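Working notes, beginning with the structure itself.
Since the structure is predicted, the reported quantities are computational estimates derived from the model, not experimental observations.
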Amino acid sequence: RKGHRQCACDKVEFTPEHALGGVAMGHLTKRHEAPVTALHAMARACGLAASRTFLKFTYPPRDKDQLGPGDKAHYIPDLLIFDYPHAGEVLVCDVSVTTPTGTVAKSLNRGTAAYARHNEKEKKVSQHLEHTLAESAVGAPPHHTFLPIVFEAHGATTRAVADLVKGLC
């Protein structure tokens, strides 16, 4: 078609939503890893232990025989921060970058997409833990607190993320 633009990822239709998603050439991965790396570095700079590795067994796995279509046996977070906010506690962080024009939140109000994604993440981990509790009588590990770390592509975030950043500084 005349005037048609094609993205480097070979999507037929190039839209503003698609451009903000940054899927082409690994930009989505880079966009996700940047805040994970920054939060990890901030926690370490504050003298806290933080881990980006061996996260597969942070939460108990689901029974593979009980999985539905699209379900995963493991819920794998992105970052663990130890002794935060208090000694003996573990903050379990799952980072997400979303766009205000994406499917999660159709509103262009600043922060709407971040809060919508935050709620999705909390629901997902809650459902995972409900299933593991029902399947194997194992729920959330003691002293672990789940926190979705959500940023919008334009920079907005949730109050919880702002509080975490302030607490680490």
### Query
Can you check whether Asp63 reaches Ser136 side chain to side chain, under 4.5 Å on heavy atoms?
no
### Task
With rounding to the nearest 0.5 Å, note down the distance linking NE2 in His118 to OG1 in Thr157.
9.5 Å
### Query
Got a second to check how far Asp83's CG is from Leu48's CG, nearest 0.5 Å?
7.0 Å
### Task
Specify the closest pair of heavy atoms between Leu129 and Pro60, including all atoms of both residues, with the distance to one decimal.
CD2-CD, 4.0 Å
### Task
Check the pair Leu164 / Leu91 against side-chain contact (heavy atoms from CB on, under 4.5 Å), numbers first and verdict last.
CA-CA 10 Å; Leu164 172 63; Leu91 188 65; 3.6 Å; yes
### Query
Measuring from Thr145:OG1 to Leu147:CG, what's the distance to the nearest 0.5 Å?
9.0 Å
#### Entry: Shortest non-hydrogen contact from Lys121 toward Ser96
CE-CB, 3.6 Å
### Summary
Of all heavy-atom pairs linking Val97 and Pro35, the shortest is CG2-CG, 4.2 Å
#### Entry: Heavy-atom pair of closest approach, residues Val36 and Leu79
O-CD2, 4.4 Å
### Task
To the nearest 0.5 angstrom, please state how far the CG atom of Leu55 sits from the SG atom of Cys93.
10.0 Å
Let me have the donor-acceptor pairs involving side chains of residues 68-75, under 3.5 Å, with sequence neighbours excluded, atom names and distances please.
residue, atom, partner, partner atom, Å
Asp71, OD2, Gly68, N, 2.9
His74, ND1, Lys56, O, 3.3
Tyr75, OH, Asp94, OD2, 2.5

### Query
Going from CG on Asp163 to OG1 on Thr158, what distance comes out if it is rounded to the nearest 0.5 angstrom?
8.5 Å
### Query
Tyr84 and Phe146: same hydrophobic cluster, using ILVMFWY side-chain contacts below 4.5 Å?
no
#### Entry: Gap separating the CZ atom of Arg117 from the NZ atom of Lys124, nearest 0.5 angstrom
7.0 Å
### Query
Looking only at heavy atoms, what is the nearest atom pair of Tyr59 and Val125, with distance?
CE1-CG2, 3.6 Å
### Task
Could you give me the CA-CA distance, side-chain angles and deciding distance for Phe82 and Ser51, then say whether side-chain contact (heavy atoms from CB on, under 4.5 Å) is met?
CA-CA 8 Å; Phe82 300 93; Ser51 178; 4.0 Å; yes
### Query
Should Lys123 and Glu120 be marked as a salt bridge (charged side-chain N to carboxylate O under 4.0 Å, His left out) after you check the CA-CA gap, both sets of side-chain angles, and the distance that decides it?
CA-CA 5 Å; Lys123 181 179 179 183; Glu120 276 187 0; over 6 Å; no
### Task
For residues Thr58 and Pro77, report the shortest heavy-atom separation together with the two atoms involved.
OG1-CG, 3.8 Å
